[in-house]
Amino acid sequence: MDNRPAKFSISPQGVVAGTRQIASPNCDERPSSSTIELVVIHNISLPPGEFGGDGVIELFTNRLDPATHPYYAEIHQMKVSAHFFIRRDGELLQFVPCGKRAWHAGVSQWLGRERCNDFSVGIELEGDDATPFEDAQYATLNALLAVLRQHYPIAGIAGHADIAPGRKTDPGPFFDWKKISR
């Protein structure tokens, strides 16, 4: 894949042009009073530690087969999603329009505000806590952050571990915060 940053555009509903669109049922309407102010960075790999498969897509679309991998038997009934997923090669997939609430943060708090899903966009990077992320992922992430900032009053970018300390560890120690535009 070309490692130059992509240029994205976003619709009023929060659909980002230039992404692969895969609809997740695991979302709902944001509270009417909420404004998107936070971006939450996650990591995910399914099966754990393996990259390039369809496990994340299957999880976010409720099609994960519990017989495919022992770990899937533990998680196949989870109803989770994120707005975006950035593959190792920088490909950007969108599962939930930004105007809707994706189910990515769980029990969470940011600057004293609970229920981060209400006012955040969730971005999953294909990875884990033990593997450095790819330059292509940072390039796509920065291009996506730029378009999100143009359309929403983003006040902060946090890791999942920052909003759910003790419960979550992602994006993990190999996520290089210096490589993203803050």
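- P153 and T35 get closest at one heavy-atom pair: CG-CG2, 3.4 Å.
- Residue I163 is not grouped with residue I36 when hydrophobic side chains (ILVMFWY) are merged at heavy-atom distances under 4.5 angstrom, including chains of intermediate members.
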List, one per line, each side-chain donor-acceptor pair under 3.5 Å for residues 118-131, sequence neighbours excluded.
from : atom 1 : to   : atom 2 : distance (Å)
D118 : OD1    : R101 : NH1    : 2.5
D118 : OD2    : R115 : NE     : 3.2
S120 : OG     : H104 : NE2    : 3.1
S120 : OG     : C116 : O      : 2.7
E126 : OE1    : R88  : N      : 3.0
E126 : OE2    : G52  : N      : 2.7
E126 : OE2    : R87  : NH1    : 3.4
D128 : OD1    : A130 : N      : 2.9
D128 : OD1    : T131 : N      : 2.9
D128 : OD1    : T131 : OG1    : 2.8
D129 : OD1    : N43  : ND2    : 2.8
D129 : OD2    : T169 : OG1    : 2.4

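- In terms of heavy atoms, I10 sits closest to C98 at CD1-SG, 4.2 Å.
- Listed for the H151 side chain is no donor-acceptor partner under 3.5 Å among the backbone atoms of P12.
- Interatomic distance, L141 CG to I86 CD1, rounded to the nearest 0.5 Å: 4.5 Å.
- Shown here for T61 and A23, the closest heavy-atom pair between the two residues is CG2-O, 3.6 Å.
- Evaluation of the salt bridge (charged side-chain N to carboxylate O under 4.0 Å, His left out) test over residues 62-71, restricted to residues two or more places apart or in two chains, returns none.
- Minimum heavy-atom separation, F8 to A17: CD2-O, 3.4 Å.
- Looking at D135 and K179, their side chains come closer than 4.5 Å, going by heavy atoms from C-beta outward.
- Between F175 and W177, the ring planes are perpendicular. Angles over 60° get that label, and only those under 30° would be called parallel.
- Taking the side chain as every heavy atom from C-beta outward, H76 and T68 never approach each other to under 4.5 Å.
- Side-chain heavy atoms closer than 4.5 Å link hydrophobic residues (I, L, V, M, F, W, Y) into clusters, and following such links, even through other members, never connects V40 to M78.
- With values rounded to the nearest 0.5 angstrom, E50 atom CD is found 5.5 Å from H69 atom NE2.
- In the hydrophobic clustering of this structure, Y138 groups with V147; members are Ile, Leu, Val, Met, Phe, Trp, Tyr whose side-chain heavy atoms approach within less than 4.5 Å, directly or through other members.
- In this model, a donor atom of one side chain and an acceptor atom of the other lie less than 3.5 Å apart for S11 and Q13.
- D176 is linked by a salt bridge (charged side-chain N to carboxylate O under 4.0 Å, His left out) to nothing, counting only residues two or more places apart in sequence or in another chain.
- Here I154 contributes atom CD1 and L38 contributes atom CG; the two are 7.5 Å apart, rounded to the nearest 0.5 Å.
- With a 4.5 Å cut-off on side-chain heavy atoms, R20 and I57 count as touching.
- Atom CG of L92 and atom OG1 of T140 lie 6.5 Å apart (nearest 0.5 Å).
- Listed here is the closest heavy atom pair of V16 and Q94: N-OE1, 2.8 Å.
- Nearest heavy-atom pair, S181 versus R149, reported as atom, atom and distance to 0.1 Å: O-NH2, 2.5 Å.
- Hydrophobic clustering keeps L93 apart from F84 (ILVMFWY residues linked when any side-chain heavy atoms are closer than 4.5 Å, directly or through intermediates).
- A distance of 9.5 Å separates NZ in K79 from CG in L59, rounded to the nearest 0.5 Å.
- For the atom pair CG (L111) and CD (Q109), the distance works out to 9.0 Å, reported to the nearest 0.5 Å.
- By the 6.0 Å contact criterion, OH on Y71 is open, its count of non-hydrogen atoms from other residues, nucleotides or ligands being 12 or less.
- Ring planes of F95 and F60: perpendicular class, angle over 60° (limits at 30 and 60°).
- Under the 4.5 Å side-chain heavy-atom criterion for grouping Ile, Leu, Val, Met, Phe, Trp and Tyr, L148 is connected to I41 within one hydrophobic cluster.
- You'll find the side chain of H160 stays beyond 4.5 Å of the side chain of I44, heavy atoms only.
- Between the side chain of S81 and the main chain of N26, a donor-acceptor pair closer than 3.5 Å is present.
- Looking only at side-chain heavy atoms (C-beta outward), I75 and L46 come within less than 4.5 Å of each other.
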